[in-house]
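Along the sequence shown, residues are numbered consecutively beginning with 1. Note that the structure is predicted; figures quoted are calculated from it, not measured. Both counts, for ligands and for their atoms, begin at 1 and track the order of listing.
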Amino acid sequence: MGTYPSIFLKPGKEVPVKRFHPWIFSGAIDRANGKIKEGDIVEVFSSRGDYLATGHALSGSIALKLFSFKRLPIDQAFWKEKISLAYKYRERLGMTDPVKNEAFRLVYGEGDGLPGLIIDYYSGMAVIQCHSVGMHLAVKEIAIMLKEVMGERLKAIYEKSAEILSETVDYELIDNFLLGEAIAVDLVEDGLLYQLDLQGQKTGFFLDQRENRKVVEHYARGCRVLDVFCYSGGFSLHALRGGAAFVQAVDSSKKAIELVSANLKKNGFEESNFSTIAADAKQYLEGLQQGFDLIILDPPAFAKHQEMRSKAIKGYININLNALKKINPGGILFTFSCSQAIDRNTFQSSVMAAAIEAGRNVRIVQHLSQSPDHPAGLFHPEGAYLKGLVLYVE
Ligand code: SAH
């Protein structure tokens, strides 16, 4: 292609790239041809000069995130092919059927060979979140191709990258519509209605817990349920649909509490069967009395980086300890970690430490993970960030 700047790797550093690992660390780079700035499209070569991959330049310890292992021009046709492949995967899983499902993640970064790009689809509206400057620079082309792939069904595209990228770029970044405008629709997931909150957290809704909400529904019959870190209330709604006797939803964000309250009403659940409270989870759990048969703990990522691991582990032990101490005998605890820097074994060990201190005997009923529209590549295990345990507490 000749038009992109290039970098050459140190000898031996091509091995992970040949296995399609999508990151290049700065330490692997021998030299660059041309001046490279954050967001540039860069071609990567081995020390012997063989083409390996193409990606976006970043400024951190990950110097490049790769989106192509074929030497192609990175133009609209390229983005269209990538988005089509991502769509095809969801189609194969039965997730794109407009009658059955109106909310799915269409692009999940590395998992779809598009590091730095998230696209969620909600009932006619796509929300794009760019996690890299390179993807933000390409977002208009991506939006045009997204419309081509999804066709009539897609009415509006909203870019929501400001929260993520504001500190990385030196210009003002404003979230806005790239196609159409806000449409007053309810988001439907698994037959339940949610208010779509474009100003809300992440892209507005947490699709990664879709399958796990069904598991909560399965175990909720007759239970008094505590949904901690509830956000828009997916677990609470499923618990009530599954026949829970009562649901208490807790979140520190007042906006989240407004959302969950609206969603509970929207779905017609009896007000006497639920209660919502804006409170800090740690304080709430410390003051918790007995009386819950099923507890859900779905905290935000306690460790976004490696350096925060020990603080995160203490956080997991603390919340799980209080839940395990106080859950009714025979109760079920759903406990999650979405921190990429904490692996499944470390998370399970933290929960074990909590169980030892609580003095409760605990069986593992089931291991949970993120829903399949958030695929982790086999060569990129870092993509498997959501870990969950269903525990039976004697
Ligand atoms: N369970 C939710 C997603 C949870 S996201 C769902 O299924 O949709 C994590 C939530 O934790 C966010 O809503 C955030 O507002 C809330 N949160 C963050 N810190 C908190 C704290 N200290 N106490 C209580 N809630 C907190």
Side-chain angles (χ1 to χ4, degrees), residues 103-105 118 120 122 127 129 163 186-190 192-217 220 225-242 244 247-264 266-267 274-288 294-304 308 311-312 314-323 333-340 342 368-371 373-374 385-390:
F104 57 92
R105 175 156 290 191
I118 300 291
D120 284 341
Y122 304 126
V127 181
Q129 194 163 62
E163 181 197 334
D186 283 334
L187 181 167
V188 188
E189 186 199 65
D190 194 23
L192 289 162
L193 304 176
Y194 299 83
Q195 195 173 310
L196 180 56
D197 180 24
L198 282 182
Q199 266 63 53
Q201 301 183 28
K202 301 282 170 82
T203 65
F205 188 71
F206 289 89
L207 291 163
D208 53 355
Q209 291 284 19
R210 180 199 299 105
E211 304 309 313
N212 304 334
R213 291 181 180 129
K214 295 179 188 168
V215 187
V216 164
E217 182 166 340
V225 175
L226 175 62
D227 179 7
V228 190
F229 307 97
C230 63
Y231 188 54
S232 51
F235 287 118
S236 293
L237 297 185
H238 280 263
L240 284 166
R241 192 169 68 182
V247 172
Q248 174 69 57
V250 182
D251 198 289
S252 60
S253 147
K254 288 210 172 70
K255 191 77 216 277
I257 292 303
E258 280 169 25
L259 265 179
V260 65
S261 307
N263 291 338
L264 285 158
K266 204 181 259 298
N267 287 279
F274 63 83
S275 167
T276 62
I277 180 173
D280 173 68
K282 188 166 172 271
Q283 280 173 14
Y284 183 90
L285 289 164
E286 278 166 1
L288 185 68
L294 193 158
I295 299 180
I296 301 134
L297 300 176
D298 182 22
F302 283 163
K304 291 210 170 97
M308 290 165 76
K311 198 164 162 248
K314 287 195 191 111
Y316 289 123
I317 295 177
N318 180 282
I319 58 170
N320 282 284
L321 172 61
N322 283 302
L333 174 64
F334 281 72
T335 183
F336 294 97
S337 160
C338 61
S339 304
Q340 209 172 68
I342 303 282
L368 302 175
S369 56
Q370 64 224 42
S371 54
D373 48 354
H374 296 56
Y385 68 99
L386 184 63
K387 304 151 289 282
L389 289 166
V390 186

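- Judged by the shortest distance from any of its heavy atoms, R213 lies inside the 4.0 Å radius around the atoms of ligand 1.
- Less than 4.0 angstrom separates some heavy atom of S253 from each of these atoms of ligand 1: 15 (O).
- The single protein non-hydrogen atom nearest to atom 12 (C) of ligand 1 is Q201 OE1, 3.2 Å, given as residue, atom name and distance.
- Under the side-chain hydrogen bond (donor to acceptor under 3.5 Å, both in side chains) rule, D190 has a single partner from K214, R210, R241, which is R241.
- Closest to atom 25 (N) of ligand 1, if we only count protein heavy atoms, is S252 N, 3.1 Å.
- Residue-level proximity to ligand 1 for F235 is carried by the side chain, the only part with a heavy atom below 4.0 angstrom.
- Using 4.0 Å as the threshold, G233 has no heavy atom nearer than that to any atom of ligand 1.
- Heavy-atom contacts of D280 reach the following atoms of ligand 1: 21 (C), 22 (N), 23 (N) (cutoff under 4.0 Å).
- The aromatic rings of F235 and F336 lie parallel to each other, with less than 30° between the two planes, well short of the 60° mark.
- Atom 11 (O) of ligand 1 has its nearest heavy-atom neighbour, among Y284, F205, F336, F229, in F229.
- Here the rule is side-chain hydrogen bond (donor to acceptor under 3.5 Å, both in side chains) with S236, and of N267, N263, D227 only D227 fits it.
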query: Step by step, would you call K254 with E258 a salt bridge (charged side-chain N to carboxylate O under 4.0 Å, His left out)?
result: CA-CA 6 Å; K254 288 210 172 70; E258 280 169 25; over 6 Å; no
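- Ligand 1 places these atoms under 4.0 Å from at least one heavy atom of A279: 23 (N), 24 (C).
- For Q283, the side-chain contact (heavy atoms from CB on, under 4.5 Å) partners two or more places apart in sequence, or in a different chain, are D280.
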